[in-house]
Amino acid sequence: MEGLMALTSEPAAWIALATLVVMEVVLGIDNLIFISILSNKLPEGQRIKARRIGIGLALVLRLMLLASIAWIVQLTQPVFSAFDHPFSWRDMILIAGGLFLVWKATKEIHHTIDPRPNDDMFATKAVGMTFTAAISQIILLDLVFSIDSIITAVGMTDNVAIMVIAVVTAVSVMLFAATPLADFIGRNPSIVMLALSFLMLIGTTLIAEGFGAHVPKGYVYAAMAFSALVETLNIVARRRQAKASAA
């Protein structure tokens, strides 16, 4: 209640809320790209359901983590040291999530380039994916992104009400943008490769942060935005060329 009262009486609280909402939306992009790519591998009738479940679980996990802030803060405490570097539970979760993202992105890039089954580690008996497998993978990455998101929020403000509003707003934006983003990725095959490259970059960043290397997220997202802009220009150019050829 005190947190809500602060929003009505303190301008600084509104500034903190606006800043945190923007930060949570940006952090949610990673989560949304993964959900979009994974849901597009499902049959048409299951895609929207998978996205809604995935984003709904992301909200539930974030709110559950907010309700246990004391436990979240403990995740940043060192558990053991290796190579003169202390590792916390957060570090280990980020490393595990990053490795999974790199593996998943590498596997999907391999299948995109050479979709024919073979005998290597990326081989698969089916091109598609079951609904249960998709949801399981979404839950795993939801957990990683949720922990990173909440720890970031805790580092920016100690007002729980502001954190809750920011998280709910960010997840609402994810829910609104999920289907348009997934449809756009599905209509443009080159975007799939770009999105998978983003996932590999994000995974590498998570691993680096888990090992204590600070990677400014502004640089990462600026590079992603620039790459997306270039690819958008390529798509526009190809469409205009196609129209000119058909005329």
Side-chain angles (χ1 to χ4, degrees), residues 15-38 58 62 65 72 75-76 83-109 112 140-157 162-163 166-167 169-171 173-174 177-178 180-182 184-185 188 190-236:
I15 296 174
L17 175 60
T19 304
L20 189 54
V21 166
V22 172
M23 182 63 71
E24 291 294 323
V25 169
V26 171
L27 290 175
I29 292 174
D30 307 342
N31 209 164
L32 188 56
I33 290 174
F34 183 81
I35 292 174
S36 298
I37 291 177
L38 215 56
R62 283 162 167 78
L65 291 173
I72 286 294
L75 290 180
T76 61
F83 306 106
D84 296 325
H85 176 71
F87 288 89
S88 64
W89 282 111
R90 174 182 179 269
D91 295 332
M92 290 184 281
I93 291 170
L94 290 180
I95 292 171
L99 288 172
F100 175 77
L101 266 184
V102 170
W103 172 79
K104 184 65 179 177
T106 303
K107 180 179 178 181
E108 295 301 329
I109 289 173
T112 301
L140 176 61
L141 264 297
D142 274 351
L143 178 61
V144 175
F145 289 129
S146 294
I147 289 176
D148 193 30
S149 170
I150 298 306
I151 289 178
T152 300
V154 171
M156 294 182 65
T157 180
I162 288 178
M163 285 188 265
V167 166
T169 301
V171 174
V173 171
M174 288 171 59
L181 177 62
F184 181 72
I185 290 175
N188 299 277
S190 60
I191 291 292
V192 175
M193 188 63 69
L194 183 64
L196 290 172
S197 300
F198 286 167
L199 290 181
M200 186 170 290
L201 175 62
I202 294 164
T204 304
T205 302
L206 291 177
I207 295 172
E209 290 186 351
F211 280 99
H214 176 64
V215 181
K217 286 187 170 61
Y219 293 148
V220 175
Y221 290 117
M224 290 170 59
F226 180 75
S227 300
L229 175 61
V230 171
E231 184 56 32
T232 300
L233 293 175
N234 285 331
I235 291 172
V236 172

Side chain to side chain contact (heavy atoms under 4.5 Å, CB included) partner of L101, the single match among L201, I207, L141, T204: L141
side-chain contact (heavy atoms from CB on, under 4.5 Å) evaluation trace for V144 with F100: CA-CA 10 Å; V144 175; F100 175 77; over 6 Å; no
Calculate, to the nearest 0.5 Å, the distance between atoms [atom1] and [atom2] belonging to [X] and [Y] respectively.
| X | Y | atom1 | atom2 | value |
| --- | --- | --- | --- | --- |
| I95 | F87 | CD1 | CZ | 5.0 Å |
| L99 | L94 | CG | CG | 11.0 Å |
| L181 | M174 | CG | CE | 10.5 Å |

Test side-chain contact (heavy atoms from CB on, under 4.5 Å) applied to D142 and I35, step by step: CA-CA 9 Å; D142 274 351; I35 292 174; 4.1 Å; yes
Candidate pair L140 and K104, rule side-chain contact (heavy atoms from CB on, under 4.5 Å), full reasoning: CA-CA 12 Å; L140 176 61; K104 184 65 179 177; over 6 Å; no
Working for side-chain contact (heavy atoms from CB on, under 4.5 Å), residues R62 and L65: CA-CA 5 Å; R62 283 162 167 78; L65 291 173; 5.6 Å; no
Closest contact, heavy atoms only, E209 versus D91: O-OD1, 3.9 Å
Side-chain heavy atoms of I37 within contact of F198, under 4.5 Å: no
